[in-house]
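Since the structure comes first, as C-alpha cells, the remarks are kept for the end.
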Amino acid sequence: MNENYPFNEIENKWQNFWDGNGDFQTDLATAENPYYCLMMFPYPSGKLHVGHGRNYIIGDAVARYKKMQGFDVLTPMGWDAFGLPAENAAIKTGTPPAEYTVANIATMKEQLRAWGCMYDWDKEVTSCMPDYYKWTQWLFIQFYKKGLAYKKNSNVNWCPSCATVLANEQVVDGVCERCDSEVDQKAMEQWFFKITDYAQRLLDDLEKLDGWPERVKTMQKNWIGRSEGTEVDFKIVPRENGEKDHIDHVTCYTTRVDTIYGCTYMAVAPEYSELKNLIKGLPQEQEVLEFIKESSKLTNLDREADEVEKAGKFTGRYLINPYNGEKIELWVGNYVLMYGTGAVMAVPAHDTRDFSFAKKYDLPIKLSIQNQESSLVLEEMEDAYTEDGICVDSAQFSGVDNREAIQQMTTYAEEQGFGRGTVNFRLRDWLISRQRYWGAPIPVVYCDDCGVLPVPESDLPVLLPTDVEFKAEGESPLKGSDSFMNCTCPQCGKAATRESDTMDTFVDSSWYFLRYLSACDDFQAVNTAIANKWMPVDQYIGGIEHAILHLLYARFFTKVIKDLGLINFDEPFGQLFTQGMICKKGPDGNLYKMSKSKGNVVSPEELLQKYGADTVRLYTLFIGPPEKEAEWQDTGVEGAYRFLKRIWRRVALNHSILEEVKEKMPDLSSMADAERDLYRKTNETIQQITRGLDGAFTFNTAIAAIMELMNAIDQLKIAEDSSESAKIVFRDAIESVVLLISPFAPHIAEELWVELGHDAGIMNADWPTVNEEALKRDEIELVIQVNGKVRDKIKVSAEASKEEIEEKAMSAEKAQQWLEGKTIRKVIVVPGRLVNIAVS
RNA sequence: GCCGGAGUGGUGAAAUUGGUAAACACACGGGAUUCAAAAUCCCGCGACUUCGGUCUUGUGGGUUCGAGUCCCACCUCCGGCACCA
C-alpha cells in the first residue's frame, strides 16, 4: 500500500462505484425505514463555489450517516431552473434560456459529483421542464378553482431594472432583492395567491415546528404580523348643503380602543378609497388633491426613512366619535398606511405619531389614560404616554384598568352596533405575476364573451413558445408571440387570448419536495400514498436567506394541497437546518459573503485538484459551527489535508499488522493499561460523535473528536512486536476512525475500509456502537479545590465512597499546604469530578 | 422602538448544560530528519510573575462550596420587523 495518500486516484473510482452500485437509489414504495434528507435545490447559475458547497456537503454527510444507521435514505436533487439570469443571458448573448440552463445544470451536476455528493438522480426534477411546470400550472388551476388565485388591479412593486413586478417579500429596504434597484409603485392588473386566507394557520402551526430554529420562526411570525384590535365606525357629519355622500361612516382600526375618549381627530391614508368622494366640491378639495399627488410621489425608500416629516391636510369633513358623540376633524396624513382600514383614530396624548402631528398642526390633545402615580399633566407632556394605566375622562369606563377597558369597550361597541373586535395581519396576498418569459405560463385564457377561464387540465402544459424576442422592456416577451397568444376559448370555441404573464419562480419551488416523490409520474402531480409515507421531510437543509420567502410559501402550498385532499400532513419540513454563509476577505480587506461581485470566490476545481474532495469536505465541516457564518481560510484547508494524510499513513505503515489481526477483542481484564486507555477512548469517541450528530449538527466537534482519537492511537506506539491484544485494540481504533469519518470524507474511508479487508460499500456498514463496559474506569482522577481553586489532583478507585474520597482528599499533600491553619467549614464531594474544601 | 441571537487566546473555536476555561485545529516560535527543500516527527504557545503564585470568558453587581454557563443592570455587534395605529 502506497504510503502517500493518492486522493486523485481513489476519488473518481469510488464515485463510479457508488453510481454503479445504486447506493443512492431509493425504492419509495418498498422502503421500510424512510428518511427524507432534503437540500434546497439550487438555481443553475453556472458554477458553484466552495461557499455553496457547505449546503451539499452537510446534506451528504447527514444522508450517509443516516444510511449507516439503517435508514432508507432519500436524497434527491433538482433545479430551480426558471428565473431571470437565464433570460438576461438571452438578452445579452442570444442564447435561448433553455439552452443556457441545461448547460449550467450539466456543469453543476459534475461539480456535485466531484465533491462526492451523491443523489438519487432517478428522481431529479427541473422546474423549467414541461413535465414539471405542467403540474405547477395544474396546481395553479386548483388554486383558482378554490378561489385562492385571483386577479386584481392594485398598486404593485415594480422593478424598472428587472422589468417586472415583485412580491412584497422580494422588496428589501425599498429595493429589489435581486438587483438592488429602487422599486416603484405602479397600478397594474395582476394575479395573486390568497395566502392571507392561511395567515392564522401559518402562524398557529409554527408552534408545531419544534425542529425549526427559533429565529426562523420568529421571522415568520413578524412577517405574518398578527394584531388584535377593534374596528370603530365614526359617522360622517353630513354636508351643510344637504348633498349625500356614498358612505355615511368611516371605519378605523385600533389596537388601543381604550384611548378612544382621547381621540381628537381622525386621519386617513392618501390612498384611502373614499377620500376623493368625501372632499368633492369642498373648498379644501384642490389642496387635498394636491397633497394626495405629492404623497404618491414618495417612493418606498422615502417612506421607510425615519426622517420623513409627518404632513397632512384637513379635509373639510367632520366625524362623530360614537363613544362620546364628539365632533372631530377628518384629516389625511402621509403617515397613515393602507393597513387595517386605512383610517386611524388619532389620540395624540397616547400615541407618539399622533402627538407630533397634533403639535405640528395645533390639533387638540386630550388625556384619557392616567399612570399609576396619577402624575400625568397634559400641559407638561413632551411626548405621548403610551404605557398602561387607568382610564380617565372616559364616561362609564373611567377608573377601569386600560387593558380591561379594551375588552369592555369592544363589547360595548358590539352591543351598540358601531364596532367590533377584529384581527389584522401584516401579511399581504402573494403577487405571482411576472412580465417575463422564463417562467411557467399562467394557464388562463381570456375570451371576449366568456371572460377569464382556466385552461382545461387536459390541455396542460401551456408550453412556452420559442418564437420570442428577448428584450428588457416592460412587457412580457410572450406578448410578441402570436402562436402563443392566439388560442380558442375552451368554453365557446371562439378566438381568445392567453395570459402573457408567467409565474414567480417561488411558485415552482413551493412544491418541488413533493414532486421528487412522483418525479416520473405523467398522470398526477402528487402521489398521495408515497407522499404520506415520506413526508414531512425529515431533515431540510438550506440557507437562512430563505427564512421568509421560500419557507413560508412552501408551508402555504402544503396546507392548500392538504386541503385539496392530496396529502394528509400540513407542514412540509419536520427538522429545518439553516447553515451559515461562508465568507472571505475581499480585495479591499473586508469580510463578505462569497460572491462573484465581491471578487472573493474560491472555486472548488483548483482545491479538488490539489487536495481532493475529502479534504475540501472535511475542512468545510470543520470550519466552525455549521449554523454560523464562517470565514474561509486557505491555510485551514491545508490542516484538513494533513489530517487525512495522517490517517492514510497510519494504515499504510501498519498494513501488515492490521492484516494479520484476526482475533476478537480480548477481555478487558487481560488488556494492558495503555490498551484499555485506547479502547476506552475509541468508545468514548463513538459515543460523543453519535450523541452530537443526533439532533444537532456538531460536525466541527465530531471531527475534533476523531483527531483526538488519532492522537490517542499514536500514543499506543504500535509495532510489529507489540502484543496481540495491543494489535487488536489498535485495529479496532483504526477501523472506528474509518467508520466515523466516512460520512465526512467518504472516498478515503471507502478505500481504507477495503484495505482493512472489508467488502466495498462502507455506507452499508453499521454505524459503530458503544461498548458500555469499555467506558468504565477502575481509577478516576479527581480535582481537589480549596475555596474553588484547583490545588491538587488525586486518583481514587471508581467505587470509592464519598467518605473515602473525602479522607483521601484531605490528606493529599498539596492540598494540605492550603489547609494549614484554616478552619474547614464545608467539604463538597462530587463523585467522578472533584472535591471542594471550603475554608476560612 | 419591538423581537431574536451573540460577545471566550494572534485566529477558527471547545467546554458532558452549575464542576479542572481554552479541547481540536490554524498561525507563529524552537528542535530533529535532509546536501538543501518539500513532506514528516518532537517541543512550546492566554496575560503577568519576585517562579511561591496571581489574574483571565464584553462591563459592573448578585446567588452559590463552586459561575463562560443562573439572576439583575449596562455596553457593543449581528439578524429580522418597523409611521402596522
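Just so it is clear: chains get the letters A, B, ... in the order the sequence lines come, proteins before strands, and each one is counted from 1. Bear in mind that the values here come from a model prediction, so they are computed numbers and not experimental data.
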(message) Determine whether A/Lys808 and A/Asp792 satisfy the following criterion, salt bridge (charged side-chain N to carboxylate O under 4.0 Å, His left out), listing intermediate values before the conclusion.
(response) CA-CA 11 Å; A/Lys808 200 159 178 190; A/Asp792 206 347; over 6 Å; no

Whole-Å distance separating the [atom1] atom of [X] from the [atom2] atom of [N]:
{"X": "A/Glu638", "N": "B/A27", "atom1": "CD", "atom2": "P", "value": "7 Å"}
{"X": "A/Glu214", "N": "B/G5", "atom1": "CD", "atom2": "P", "value": "7 Å"}
{"X": "A/Met338", "N": "B/A85", "atom1": "CE", "atom2": "P", "value": "15 Å"}
{"X": "A/Met345", "N": "B/A85", "atom1": "CE", "atom2": "P", "value": "12 Å"}
{"X": "A/Lys628", "N": "B/A6", "atom1": "NZ", "atom2": "C1'", "value": "7 Å"}
{"X": "A/Gln785", "N": "B/G19", "atom1": "CD", "atom2": "P", "value": "11 Å"}
{"X": "A/Tyr641", "N": "B/A38", "atom1": "OH", "atom2": "C1'", "value": "12 Å"}
{"X": "A/Ile689", "N": "B/A14", "atom1": "CD1", "atom2": "P", "value": "15 Å"}

At less than 4.0 Å, is any side-chain N or O atom of [X] found next to OP1 or OP2 of [N]? Yes or no.
{"X": "A/Tyr339", "N": "B/A85", "value": "yes"}
{"X": "A/Arg649", "N": "B/C41", "value": "yes"}
{"X": "A/Thr218", "N": "B/G5", "value": "no"}
{"X": "A/Arg791", "N": "B/U20", "value": "no"}
{"X": "A/Asn222", "N": "B/G4", "value": "no"}
{"X": "A/Asn424", "N": "B/A85", "value": "no"}

(request) Please find out if less than 6.0 Å separates the ring center of A/Tyr361 from that of A/Trp331. (result)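 So the answer is yes for these two rings.
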
Give one of base, sugar-phosphate or nothing for [X], where a contact means two heavy atoms less than 4.0 Å apart.
{"X": "A/Phe622", "answer": "base"}
{"X": "A/Arg642", "answer": "sugar-phosphate"}
{"X": "A/Asp354", "answer": "nothing"}
{"X": "A/Arg215", "answer": "sugar-phosphate"}
{"X": "A/Gly225", "answer": "nothing"}

For [N] and [M], measure between their [atom1] atoms and round to the nearest Å.
{"N": "B/G18", "M": "B/G31", "atom1": "C1'", "answer": "43 Å"}
{"N": "B/U64", "M": "B/U50", "atom1": "P", "answer": "38 Å"}
{"N": "B/A14", "M": "B/U8", "atom1": "P", "answer": "12 Å"}
{"N": "B/G4", "M": "B/U49", "atom1": "P", "answer": "45 Å"}
{"N": "B/G58", "M": "B/C65", "atom1": "C1'", "answer": "27 Å"}
{"N": "B/C83", "M": "B/G12", "atom1": "P", "answer": "36 Å"}
{"N": "B/A13", "M": "B/C26", "atom1": "P", "answer": "16 Å"}
{"N": "B/C78", "M": "B/G29", "atom1": "P", "answer": "34 Å"}

(request) Using a strict 4.0 Å threshold on nitrogen-to-oxygen distance, state whether A/Lys313 and A/Glu329 make a salt bridge. (result)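 Looking at A/Lys313 and A/Glu329, the cut-off is not met.
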
(message) So that I can tick it off, tell me whether A/Glu207 and A/Lys217 are bridged by a salt bridge, with the cut-off set at under 4.0 angstrom between side-chain N and carboxylate O.
(response)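 Not counted as a salt bridge, because no side-chain N and carboxylate O are separated by less than 4.0 Å.
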
Searching all strands shown, indicate the nucleotide that pairs with [N] (Watson-Crick or G-U wobble; both distances under 3.5 Å).
{"N": "B/G44", "answer": "B/C28"}
{"N": "B/G79", "answer": "B/C3"}
{"N": "B/A39", "answer": "none"}
{"N": "B/A73", "answer": "B/U59"}

Between the base of [N] and the side chain of [X], is there a donor and acceptor pair under 3.5 angstrom?
{"X": "A/Arg833", "N": "B/U16", "result": "yes"}
{"X": "A/Asn836", "N": "B/C65", "result": "yes"}
{"X": "A/Lys221", "N": "B/C3", "result": "no"}
{"X": "A/Lys645", "N": "B/U40", "result": "no"}

(message) Let's go through A/Ser368 and A/Ser394 carefully: what are the C-alpha distance in whole Å and the side-chain angles of both, what is the deciding distance for side-chain hydrogen bond (donor to acceptor under 3.5 Å, both in side chains) to 0.1 Å, and is it a yes or a no?
(response) CA-CA 6 Å; A/Ser368 63; A/Ser394 301; 5.1 Å; no

Of the options [options], whose atoms approach the side-chain atoms of [X] most closely?
{"X": "A/Lys789", "options": "B/A27, B/A14, B/C55", "result": "B/C55"}
{"X": "A/Trp818", "options": "B/C41, B/G53, B/C24", "result": "B/G53"}
{"X": "A/Glu708", "options": "B/C24, B/A27, B/G80", "result": "B/C24"}
{"X": "A/Pro625", "options": "B/C65, B/A21, B/A14", "result": "B/A14"}
{"X": "A/Thr255", "options": "B/A85, B/C65, B/A13", "result": "B/A85"}
{"X": "A/Arg426", "options": "B/C83, B/A82, B/C65", "result": "B/A82"}
{"X": "A/Leu337", "options": "B/A82, B/A85, B/A14", "result": "B/A85"}
{"X": "A/Arg650", "options": "B/A13, B/C41, B/A85", "result": "B/C41"}

(request) Quick one: pull up NE2 in A/His350 and OG1 in A/Thr259 and give me the separation to the nearest 0.5 Å. (result)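 Going from NE2 on A/His350 over to OG1 on A/Thr259, the span is 6.5 Å.
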
(request) Determine, stepwise, if the pair A/Asp634 / A/Trp632 fulfils side-chain hydrogen bond (donor to acceptor under 3.5 Å, both in side chains). (result) CA-CA 7 Å; A/Asp634 294 326; A/Trp632 186 272; 3.1 Å; yes

(message) Does the structure place the NZ or CZ of A/Lys310 under 6.0 Å from the centre of the six-membered ring of A/Tyr335, at an angle of no more than 45° from the ring's axis?
(response)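 Yes, a cation-pi geometry holds between A/Lys310 and A/Tyr335.
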
(message) Would you say CD of A/Glu545 has more than 12 non-hydrogen atoms from neighbouring residues, nucleotides or ligands within 6.0 angstrom?
(response)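 Counting other residues, nucleotides and ligands, CD of A/Glu545 exceeds 12 neighbours.
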
(message) If you assign A/Ile828 and A/Arg691 each to the RNA chain B nucleotide with the nearest heavy atom, which residue ends up on the more 5' nucleotide?
(response)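 Taking each residue's closest nucleotide, the earlier one in sequence belongs to A/Arg691.
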
(message) On RNA chain B, compare the nucleotides closest to A/Trp223 and A/Asp714; which residue's is nearer the 5' end?
(response)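 Closest to the 5' end, via its nearest nucleotide, is A/Asp714.
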
(request) Check the pair A/Asp351 / A/Arg256 against salt bridge (charged side-chain N to carboxylate O under 4.0 Å, His left out), numbers first and verdict last. (result) CA-CA 10 Å; A/Asp351 183 285; A/Arg256 289 294 305 274; over 6 Å; no

[N], syn or anti by chi within 90 degrees of zero:
{"N": "B/G9", "result": "syn"}
{"N": "B/G52", "result": "syn"}
{"N": "B/U17", "result": "syn"}

